[in-house]
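Labels below follow one simple rule: chain letters A, B, ... track the order of the sequence lines, proteins then strands, and each chain is numbered from 1.
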Amino acid sequence: MHEFENPIPDARLNKLKQLRSKGLDPYPSRYSRTHNSSEATSFYEDLESSLDENGQTPEISVAGRITAIRGMGKATFIDVMDSHGHLQSLARQGSLSSYSDLRDIDIGDWIGMSGPLMKTRTGQITLEIKSWIMLSKSLRPLPEKWHGLSDVETRYRQRYLDLIANEDARNIAVLRSKFVSELRQFMQSKNFIEVETPILVPIAAGGTARPFVTHYNALGRDLYLRIATELYLKRLMVGGLERVFEIGRTFRNEGLDLHHNPEFTMMESYEAYSNYHDVMGFVENLIHTLAQTILGTSVIKYGDHNIDLTPPWTKLDLRKEIISKTGIDFLKSNDVESLSLSMKSIGINVEKQVSWGGMIDKLLSSAIEPHLTQPVFLVDYPVEMSPLAKTKQENPHLAERFEGFIAGMEICNAFTELNDPIDQRARLEKQEELRIQFQDEDMDRLDEDFLTALEYGMPPTGGLGLGIDRLVMLFSGKPSIKEVVLFPQLRNQ
RNA sequence: GGGCCGGUAGCUCAGUCUGGUCAGAGCAUCGGACUUUUAAUCCGAGUGUCCUGGGUUCGAAUCCCAGCCGGCUCACCA
């Protein structure tokens, strides 16, 4: 039922033959344009007041894809689109010797053309074609010009059509690029250095997630796709790099929904001599700055909400927040049985074999997180579900960890990194135990090389993981992650 | 995985409830007219595996069953 099985229309193939039979190459190798569409517009506007009586500028050359053809017999209007916008052109039989060759152009073709700019009687800046050349013959018809392309599946599977037909799709692609580039600049301006760590790893550690497995033939062993960059970046902290960040793809072999794609982009950063309070300030500042720079505002419209990103964001003590919303105190319900009873009593289903940390996680995502519309930091997580975070000195059951939420989405996870190698080993061993006990559930994994690194000494460090896809969703007002990932994962055809 | 909704021309859709001029419209395409149009206009042409496979029926795009694909939602999951 998809494009790939559809035959190429005969009419297009015939035009292709026509071009060739006239000795015209339908796929030449290059074209020199002097202006893109927006430069052409300003070129005209700059010269407009000084033009002579025929109102034409000197000749320029532009190139792009034909989006509309309006033939009027001995004159033809051709709209051309490039990545900067649209430009109208006009071919007239009187002033274009190859006018009759225009029979072989179609909507979708790439052409180059040159001539002076002028204004039509309706005031539209228009290139009067003196010469033109086919740059690439299109063999398939484009989506309809008026309604555009709206079939969601086609938009995702053939994103190029979405990009051609929908300005919004182009805007999101540009916005995402801008976001990443501004993010990178921000990090660099704070003297973080950008690094790259392995994607193929022997142990998928640094988070609780099911990994993808692959096989490396040369070494005859299975490897995993990373679920986080955390442990490698911390090795760099051990190495003394002090401020590092990585923007990169991570992979989780899990469900697929509005907020989850199996491969997604995270930024992780680590800063020596700082703790999670410093990171909180850093995140507020970072996201607020990006909104200012990219969107020119501190207040983002998302669905029905106006979200104000101005720092400082609300800080909510996680434990107090759970108590006030559910009456459950996780310090008192500190074993699986009592927590399970309390959760059942407020209608949360915990019948599956689940660890204590897993249950708290569920409690959070069903009772707390959906209500966090404005930017919020949930602060101080139970140590049991934070195996890589340092414990609070005042209370060994709590970790110096926070997560940031906007519009009900988790957008970051951060903590004061645990740098006590003995404690870290004990915590990861506990995770390994839990993994055996709760077969269905994912736990963090023990990475012996990482522990060895810690034993050499890591400075006190504040660490951060930031979900880029979700922030781009927020910045672009999109409710689905598939809208901000150019090629989202879909089922097989 | 459960529930709901959907899949008809290249694209956007109507037709399904109530089976029988139901193979349709607009855009795109093809032929013709037109030298300042811009959703150009005017005249003419319908280009199709009605998602797939079964079934019911004299007759199925339409009703039934199974499957595939997608969207939303719940569950699961950072």
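Put simply, CG on A:Asn14 is 13 Å from C1' on B:U29, counting in whole angstrom units. As a whole-Å value, the separation of A:Gln489 CD from B:G71 P is 12 Å. Atom CD of A:Glu153 and atom C1' of B:C68 are 11 Å apart (whole Å). Spacing between atom CG of A:Asp151 and atom P of B:C27 amounts to 21 Å, rounded to whole angstrom units.
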Please write out the pairs of protein N or O atoms and N or O atoms of nucleotides 34-36 of chain B separated by less than 3.5 Å, giving the distance to one decimal.
| from | atom 1 | to | atom 2 | distance (Å) |
| --- | --- | --- | --- | --- |
| B:C34 | N3 | A:Gly73 | N | 3.1 |
| B:C34 | N4 | A:Gly73 | N | 3.1 |
| B:U35 | OP2 | A:Lys74 | N | 3.2 |
| B:U36 | O2' | A:Arg121 | NE | 2.6 |
| B:U36 | O2' | A:Arg121 | NH1 | 3.3 |
| B:U36 | O2 | A:Arg121 | N | 2.9 |

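For a distance-only test at 3.5 Å, the side chain of A:Glu254 fails to qualify as a donor-acceptor partner of the base of B:A78.
Across the strands present, B:A75 finds no partner; the criterion is a Watson-Crick or G-U wobble pair with both atom distances under 3.5 angstrom. With a 3.5 Å ceiling on both atom-pair distances, B:A39 lacks any Watson-Crick or G-U wobble partner. Across all strands shown, B:A61 forms no Watson-Crick or G-U wobble pair with both distances under 3.5 Å. With a cut-off of 3.5 Å on both Watson-Crick or G-U wobble distances, the partner of B:A66 is given as B:U52. Across all strands shown, B:C11 is found opposite B:G26 as a Watson-Crick or G-U wobble partner, with both distances under 3.5 Å.
Residues passing the salt bridge (Lys or Arg N to Asp or Glu O under 4.0 Å) test with A:Asp106, sequence neighbours excluded: A:Arg12, A:Lys15, A:Lys137. In this structure A:Glu321 satisfies the salt bridge (Lys or Arg N to Asp or Glu O under 4.0 Å) test together with A:Lys325, sequence neighbours excluded.
Applying the side-chain hydrogen bond (donor to acceptor under 3.5 Å, both in side chains) test to pairs two or more places apart or on separate chains, those with a residue in residues 123-134 of chain A are A:Gln56-A:Glu128, A:Gln88-A:Thr126, A:Arg92-A:Glu128, A:Ser95-A:Glu128, A:Ser98-A:Trp132, A:Ser114-A:Ser131. Within the structure, salt bridge (Lys or Arg N to Asp or Glu O under 4.0 Å) contacts touching residues 471-483 of chain A (residues at least two apart or in different chains) are A:Arg155-A:Glu483, A:Asp168-A:Lys478. Every pair passing salt bridge (Lys or Arg N to Asp or Glu O under 4.0 Å) that includes a residue from residues 370-391 of chain A is listed here, sequence neighbours excluded: A:Asp380-A:Lys392.
Contact check on A:Arg226 versus A:Glu246 returns a salt bridge, with a Lys/Arg side-chain nitrogen under 4.0 Å from an Asp/Glu carboxylate oxygen. The residues A:Lys315 and A:Glu284 are annotated as salt-bridged, a charged nitrogen and a carboxylate oxygen being separated by less than 4.0 angstrom.
One C1' atom belongs to B:G32, the other to B:U16, and the distance between them is 39 Å to the nearest Å.
Considering only side-chain atoms of A:Lys15, the nucleotide from B:U37, B:G71, B:U29 that sits closest is B:U29. When each of B:A78, B:G32, B:U73 is scored by its nearest atom to the side-chain atoms of A:Leu258, the top-ranked nucleotide is B:U73.
When the side-chain nitrogen and oxygen atoms of A:Thr76 are compared with OP1 and OP2 of B:A40, none of them lie within a distance under 4.0 Å. Within the structure, a side-chain polar atom (N or O) of A:Arg70 is placed less than 4.0 Å from OP1 or OP2 of B:A40.
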